[in-house]
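What follows is a short report on a single structure.
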Amino acid sequence: MNTLKYLQSKEFLLDVDLWKLFANLEELNKISLSFVESFFEIVKEHVSESGSPTDFISILRKFFQGDLCQTHQIYCLNYTSAVYYLENLRQREDFGIYLKWCEQNEQCKRLHLPELLVAPLHRLTRYPLLLNNIWKRSTDEMEKAFIWSVKEKVEKSIRDLEGKVKWLDNFQKFRQLHEVIIWPQIWDRDKRFFVPECLKQNLRENSSENILSSASRLLLHEGRLTLAESTKLLDVYLFLFDDFLLITKIKRNKKKYGGSDTGIIPVCPSLTPELQSLIREGGFCSVLDQPIPLDRLILKNVDPIHVTVFSLRNAFLIQHENRYRQCIAVFLLQTQTEIAKKAWMSQIEMAISNYTKQHEIKKSTLFCSPAESSEI
């Protein structure tokens with residue numbers, strides 16, 4: 001961080017955002033150092049003046065009921081974004097030189113920047129262990145009660161933080177998916193549908209892209225498969241969400257992602273390596289057909305006998321039914337291995353089961369809700 005500050009004072013790497021990379025590291029360092037200094041000051045006094053009380057409680061009260069955990073939370077909440085931002089910057093030659101120079105410093109102990117950035121997260125999770133050890137060795141009942149309450153507060157803070165970090169990670173992943181998944185217009189997807197130019201603008205307003213804007217939706221499983229068509233095999237990429245399955249065609253582009261710009265290609269680190277590679281190559285996923293709701297999805301295994309007869313390997317069928325239980329689409333999919341096939345079928349079956357259970361609970365809750373009082 002100090003090296004980057006120095007370089008920016010000399011007008012190098014001016015476009016690198018210090019906060020995005022290091023967040024409130026200076027504040028965290030200041031508070032942590034103050035905690036350590038205060039802690040050892042008490043120890044020194046106890047050693048030099050035999051018989052002086054070891055007043056650790058005041059130190060714990062000051063820092064753990066103060067800004068220590070809050071400052072850690074701010075840093076931790078920025079961590080995922082920092083890794084994402086760092087991954088983008090690493091593509092640049094000038095930033096790569098800066099990284100290499102810093103990492104050669106003996107203070108880094110041969111660790112790379114991502115390994116150093118995660119250290120404060122590990123430290124936060126060790127605080128409950130520290131407090132628990134102090135609680136075990138404490139003899140005063142009032143002290144024990146206070147230390148236990150502080151430990152519980154820190155553990156709750158960590159649990160809350162984990163929920164926030166997961167939400168942020170999911171938000172960033174869906175923001176990236178929103179960019180990489182392309183929804184073609186219906187007349188481009190299926191040539192049977194003719195729409196005059198004068199009417200196309202009205203249909204464009206009913207965009208499907210907002211489907212992925214829900215922050216509560218979860219991506220359960222994803223990966224590349226092969227779709228067997230009548231005359232050819234097609235590379236597809238499947239996204240299994242907690243409420244629907246989306247089948248997309250893999251499109252590779254000679255241009256870099258985001259157009260002709262040769263700059264940084266932003267890739268979310270929480271995506272699969274395969275999808276990250278596709279994005280860096282300038283590819284995208286074009287939606288093949290409408291999303292398949294899990295309550296309208298029928299999953300069928302393809303028997304091994306068909307492997308030799310029809311040259312199908314590791315295959316399974318996905319059937320899309322409408323609300324009248326009519327089959328409106330069928331997809332014959334193949335995986336690279338039998339293990340991958342079992343994993344996909346297991347994930348889909350589990351997703352359908354969970355989706356069904358959740359909707360049954362919602363229905364029973366609505367059905368059992370008390371009638372509105374006549375007094376209201």
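All values reported here derive from a predicted model rather than from experimental measurement. Keep in mind that the numbers below use all heavy atoms, side chains included, and drop hydrogens, waters and symmetry copies.
Judged by distance alone, with hydrogens and angles left aside, the side-chain atoms of R110 form no donor-acceptor pair with the main-chain N or O of E103 at under 3.5 Å. No side-chain donor-acceptor contact under 3.5 Å links S353 to the backbone of M350. Panel note: side chain T125, backbone H122; a donor-acceptor pair is recorded below 3.5 Å. Remark: the backbone N or O of C327 is not paired with any side-chain donor or acceptor of Q319 at under 3.5 angstrom. In terms of modelled atom types and a separation under 3.5 Å, the side chain of S277 and the main chain of E274 share no donor-acceptor contact.
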Please walk me through it: do K151 and E155 pass salt bridge (charged side-chain N to carboxylate O under 4.0 Å, His left out)? CA-CA 6 Å; K151 184 180 81 77; E155 287 175 342; 3.1 Å; yes

Evaluate the side chain to side chain contact (heavy atoms under 4.5 Å, CB included) criterion for residues M345 and T335: first the C-alpha distance (whole Å), next the side-chain angles of each, then the deciding distance (0.1 Å), finally the verdict. CA-CA 11 Å; M345 292 189 70; T335 60; over 6 Å; no

Go through Y237 and T272 one step at a time and tell me if the side-chain hydrogen bond (donor to acceptor under 3.5 Å, both in side chains) criterion holds. CA-CA 12 Å; Y237 201 93; T272 61; 2.8 Å; yes

Would you sort out whether E26 and K5 count as a salt bridge (charged side-chain N to carboxylate O under 4.0 Å, His left out), showing the intermediate values? CA-CA 12 Å; E26 284 182 306; K5 280 184 177 180; 2.4 Å; yes

Just do the side-chain hydrogen bond (donor to acceptor under 3.5 Å, both in side chains) check on E360 and Q358 with the steps written out, would you? CA-CA 5 Å; E360 284 176 354; Q358 287 176 5; over 6 Å; no

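The number of heavy-atom neighbours closer than 6.0 Å to CD of Q336, taken from other residues, nucleotides and ligands shown, is 12 or below. Counting heavy atoms of neighbouring residues, nucleotides and ligands inside a 6.0 Å radius, atom CD of Q107 does not exceed 12 of them. Crowding of L233 atom CG: a count of heavy atoms from other residues, nucleotides or ligands under 6.0 Å exceeding 12.
Contact check for K136 versus N132: side-chain heavy atoms found under the 4.5 Å cut-off. For the pair L333 and T226, the minimum side-chain heavy-atom distance is 4.5 Å or more. For the pair V118 and L116, the minimum side-chain heavy-atom distance is 4.5 Å or more. No side-chain heavy atom of H359 sits less than 4.5 Å from a side-chain heavy atom of D295. No side-chain heavy atom of P291 sits under 4.5 Å from any side-chain heavy atom of L245. D243 is not listed as a side-chain neighbour of P293, based on a closest heavy-atom distance of 4.5 Å or more. Annotation: side chain of I318 is in contact with side chain of I348 (closest heavy-atom distance under 4.5 Å). Looking at heavy atoms from C-beta onward, Q91 lies out of side-chain contact with N88 at the 4.5 angstrom threshold.
Hydrophobic clustering (side-chain heavy atoms under 4.5 Å, transitive across Ile, Leu, Val, Met, Phe, Trp, Tyr) groups V43 together with I59. I74 is not connected to Y127 by any chain of hydrophobic side-chain contacts under 4.5 Å among Ile, Leu, Val, Met, Phe, Trp and Tyr, and they are in different clusters. Hydrophobic clustering (side-chain heavy atoms under 4.5 Å, transitive across Ile, Leu, Val, Met, Phe, Trp, Tyr) groups I250 together with I182. With hydrophobic clusters built from ILVMFWY side chains whose heavy atoms lie under 4.5 angstrom apart, L130 shares a cluster with I147. By the criterion of side-chain heavy atoms lying less than 4.5 angstrom apart, applied directly or through intervening Ile, Leu, Val, Met, Phe, Trp or Tyr residues, I134 is grouped together with V47 in one hydrophobic cluster.
Ring centroids of F22 and Y75 are separated by 6.0 Å or more, keeping the two rings apart. Aromatic pair F239/H221: centroids not less than 6.0 angstrom apart.
Ion pairing between D235 and K249 fails under the 4.0 Å rule for side-chain N and carboxylate O. Of the charged side-chain nitrogens involved, none lies within less than 4.0 Å of a carboxylate oxygen, so that D160 and K164 do not count as a salt-bridged pair. Salt bridge absent: E162 and K166 never bring a charged side-chain N and a carboxylate O closer than 4.0 Å.
At least one cation-pi condition fails for R90 and F95: the charged atom is not both under 6.0 angstrom from the six-membered ring centre and inside a 45 degree cone around its axis. A cation-pi arrangement is absent between K341 and W344, since the terminal nitrogen or guanidinium carbon is not both under 6.0 Å from the aromatic centre and inside a 45° cone about the axis. K251 forms no cation-pi arrangement with F284, by the criterion of a distance under 6.0 Å to the ring centre and an angle within 45° of the ring axis.
Here V165 pairs with L77, T80, L161 under the side chain to side chain contact (heavy atoms under 4.5 Å, CB included) rule; sequence neighbours left out. When the ring pair (Phe, Tyr, Trp, His ring centres under 6.0 Å) test is applied to W19, no partner is found at least two apart in sequence or on another chain. Remark: E27 engages N24, I31, T71 in a side chain to side chain contact (heavy atoms under 4.5 Å, CB included) (not counting sequence neighbours).
The shortest heavy-atom contact between V287 and T248 is CA-CG2, 4.0 Å. Taking every heavy atom of both residues into account, Q334 and A228 meet most closely at NE2-CB, 4.1 Å. Residues L271 and L177 share a closest heavy-atom pair of CD2-CD2, 4.1 Å. Nearest heavy-atom pair across L220 and A351 is CD1-CB, 3.6 Å. Smallest separation of non-hydrogen atoms from V180 and G283: CG2-O, 4.1 Å. S157 approaches C69 most closely through the heavy-atom pair OG-CB, 4.1 Å.
Y79 OH to L86 CG: the interatomic distance, rounded to the nearest 0.5 Å, is 9.5 Å. Taking CD1 of I339 as the start and CG of N314 as the end, the distance is 10.0 Å to the nearest 0.5 Å.
N322 pairs in a side-chain hydrogen bond (donor to acceptor under 3.5 Å, both in side chains) with only one of the listed residues (Q326, H320, R325), which is Q326.
Ring orientation note: the planes of F174 and F241 are tilted relative to one another, at an angle of 30° to 60°. Aromatic ring orientation, W135 versus W148: tilted (interplanar angle from 30° to 60°).
Side-chain contact of Q172 with Y84: a donor-acceptor pair under 3.5 Å is absent, judged by distance alone.
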